[in-house]
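Just below is one structure, and these are the notes that go with it.
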Amino acid sequence: MNERRSDFGPSQAIFDDFVAEVWDHHRESRRDLPWRCTFDPYEILVSEIMLQQTQVARVLDKYPLFLSAFPTVAALASADVGAVLAVWQGLGYNRRALALYRAAKAIVEEHGGTFPDTVEGLRKLPGVGEATAAAVSAFAFGRGQPFIETNIRAAYIHFFFPGQDGIPDAAILPLVQATIDPDDPREWFYALMDYGVWVKRTYGNPSRRSRHHTVQSRFAGSRREVRAGVLQAVLAATPAAVEVSRLPELLDALGRAPEELADIADELAREGFLEKTGTAYRIAGSAQDDISE
DNA sequence: GTCCCGCAAC
DNA sequence: GTTGCGGGAC
């Protein structure tokens with residue numbers, strides 16, 4: 001038996017109960033997901049970026065398509081960003097695709113193609129924050145750095161904070177630290193997330209009692225919708241460029257003013273999705289060609 | 001309406 | 001600490 005008890009907080013017995021319950025549940029209903037069948041850090045990073053704010057069911061469809069198109073970090077790094085964005089369409093949060101692409105380039109150009117194998121090294125990659133760095137380090141390299149994502153948060157709030165509101169992640173992280181299985185952190189984090197999924201399905205989402213819980217604003221009518229539309233319109237025209245004057249007709253269904261469409265195209269250019277030549281936009285890095293008619 | 005294996009810019 | 005970021009399933 002591992003000694004996990006710290007000088008404060010729940011007793012060793014409570015920790016043991018939690019660990020036993022999570023493992024028991026895991027033995028009953030472990031999710032066999034494609035990214036759980038590999039130790040390849042590239043394949044695991046792709047899955048983690050896709051899973052940020054995106055449900056498993058939708059990643060399941062896109063994940064094999066993406067890996068077929070870009071099987072290795074070198075393949076992704078040498079692809080056209082337009083090809084990456086095209087495969088990404090339907091997953092949402094396009095900036096993740098751009099960050100993943102830039103991370104692949106960084107790994108090839110700054111690390112000689114060798115994946116960083118530490119949390120600190122992973123953390124420096126674009127689009128990789130604390131949670132993703134720790135997740136990749138656990139799932140690809142077997143490290144036991146604690147992290148919190150939505151299912152892990154649900155698991156701990158449900159078990160350790162019944163009936164309490166406004167729970168900060170800072171109160172959860174020591175509990176994650178105290179319960180990590182030092183012999184198999186990879187499988188332990190899988191078990192935790194599976195348990196969190198079960199808790200949400202069974203009791204409702206306890207993360208609504210998190211201090212950090214927020215509600216996403218509606219997508220229909222949002223600026224996000226227009227951004228996605230402008231990017232899709234330019235992607236559809238690739239390799240040709242799109243005159244700014246054509247955006248209103250291409251995005252007629254959104255009913256936005258021409259000035260707003262132009263503002264958003266400029267913003268996408270600043271962020272690196274598009275390149276602006278005169279008054280026309282093309283996908284960044286795509287070949288010079290005629291203006292789309 | 002609610003949710004989703006967060007990150008980065010501010 | 002707050003805000004913006006896509007899209008679809010339920």
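Naming convention: chains lettered A, B, ... in sequence-line order (proteins, then strands); numbering from 1 in each chain. Hydrogens, waters and symmetry mates are skipped; everything else that's a heavy atom, side chains included, is used.
In the model, A/R227 has no side-chain atom that pairs as donor or acceptor with a side-chain atom of A/Q232 under 3.5 Å. Counting only N and O atoms by type, the side chains of A/E21 and A/Y195 include a donor and acceptor under 3.5 Å apart. Donor-acceptor pairing under 3.5 Å is recorded for the side chains of A/E43 and A/T38.
With distances taken from any side-chain atom of A/L51 to the nucleotides B/dT2, B/dC5, C/dC5, the minimum falls on B/dC5. Of the candidates C/dG8, B/dC5, B/dA8, B/dA8 carries the atom nearest the A/R123 side chain, counting heavy atoms from C-beta on. Closest to the side chain of A/L33, from the set B/dC5, C/dG6, B/dG6, is B/dC5. Of all nucleotides listed (B/dC3, C/dG4, B/dC5), C/dG4 comes nearest to the side chain of A/R95.
Between A/F147 atom CZ and B/dC5 atom C1' the separation is 7 Å, expressed in whole Å. Regarding A/R96, its CZ atom lies at a distance of 9 Å from the C1' atom of B/dG6, rounded to whole Å. As a whole-Å value, the separation of A/R201 CZ from C/dC10 P is 13 Å. Across the protein-nucleic acid pair, A/L254 atom CG and C/dG6 atom P stand 13 Å apart, rounded to whole Å. Here the P atom of nucleotide B/dC5 and the CD atom of A/Q145 are 22 Å apart, to the nearest Å. Rounded to whole Å, the distance from CE on A/M193 to C1' on B/dG6 is 13 Å. Note: OH (A/Y203) to P (B/dC3) measures 18 Å, nearest angstrom. One interatomic measurement links the two molecules: CZ of A/R58 to P of C/dC10, which rounds to 11 Å at whole-angstrom precision.
Among the heavy atoms of the strands lying under 4.0 Å from A/A228 are primed sugar atoms or P, OP1, OP2 only; no base atom is included. Counting any heavy atom pair closer than 4.0 Å across all strands shown, A/E225 reaches no nucleic acid atom. In this structure, A/A131 reaches the sugar-phosphate backbone alone: every heavy-atom distance under 4.0 Å involves primed, P, OP1 or OP2 atoms, never a base. Counting any heavy atom pair closer than 4.0 Å across all strands shown, A/G92 reaches a base atom. Among the heavy atoms of the strands lying under 4.0 Å from A/L91 is at least one base atom, whether or not backbone atoms are also near. Residue-level contact check: A/W88 touches neither bases nor backbone, having no heavy atom under 4.0 Å from any strand. Backbone-only engagement by A/R227 is indicated by non-hydrogen atom pairs under 4.0 Å involving sugar-phosphate atoms exclusively. Within the nucleic acid shown, A/L192 has no heavy atom closer than 4.0 Å to any nucleic acid atom. Using a 4.0 Å heavy-atom criterion, one finds that A/E271 contacts no nucleic acid atom at all. Base engagement by A/Q55 is indicated by at least one non-hydrogen atom pair under 4.0 Å involving a base atom. At a threshold of 4.0 angstrom between heavy atoms, the contacts of A/T150 are confined to the sugar-phosphate backbone, with no base atom among them. Residue A/V128 is in sugar-phosphate contact alone, with no base atom involved, counting any heavy-atom pair closer than 4.0 Å across all strands shown.
Looking at A/S222, its side chain has no donor and acceptor atom pair within 3.5 Å of the base of C/dG6. Side-chain N/O atoms of A/Q216 and base N/O atoms of C/dG6 include a donor-acceptor pair closer than 3.5 Å.
Under the 4.5 Å side-chain heavy-atom criterion for Ile, Leu, Val, Met, Phe, Trp and Tyr, A/V230 and A/L250 are members of the same hydrophobic cluster.
For C/dC5, the OP1/OP2 oxygens have a side-chain nitrogen or oxygen of A/R223 closer than 4.0 Å. Contact annotation: A/R208 side-chain N/O to B/dC3 OP1/OP2 distance is under 4.0 Å. Close to C/dG7, at under 4.0 Å from its OP1 or OP2, lies no side-chain N or O of A/R224. Residue A/T132 places at least one side-chain N or O closer than 4.0 Å to OP1 or OP2 of B/dC7. Of the side-chain N and O atoms in A/Q89, one or more sit less than 4.0 angstrom from OP1 or OP2 of C/dG7.
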Practice prompt. Decide yes or no on salt bridge (charged side-chain N to carboxylate O under 4.0 Å, His left out) for A/D165 and A/R211, but give the supporting numbers first.
Written response: CA-CA 7 Å; A/D165 278 309; A/R211 178 180 296 178; over 6 Å; no
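A/R186 forms a cation-pi arrangement with A/F39, by the criterion of a distance under 6.0 Å to the ring centre and an angle within 45° of the ring axis. Figure legend: A/R209 and A/F161 shown without cation-pi pairing, the cationic atom not lying both under 6.0 angstrom from the six-membered ring centre and within 45 degrees of its axis.
When the nearest nucleotides of DNA chain B are assigned to A/R218 and A/G129 by heavy-atom distance, the more 5′-ward of the two goes with A/R218.
C/dG6 and B/dA9 have their P atoms separated by 15 Å, with the value rounded to a whole Å.
Centroid-to-centroid, the aromatic rings of A/F141 and A/F115 stay 6.0 Å apart or farther.
In this structure, B/dC5 makes no Watson-Crick or G-U wobble pair, since no nucleotide meets both defining distances under 3.5 angstrom.
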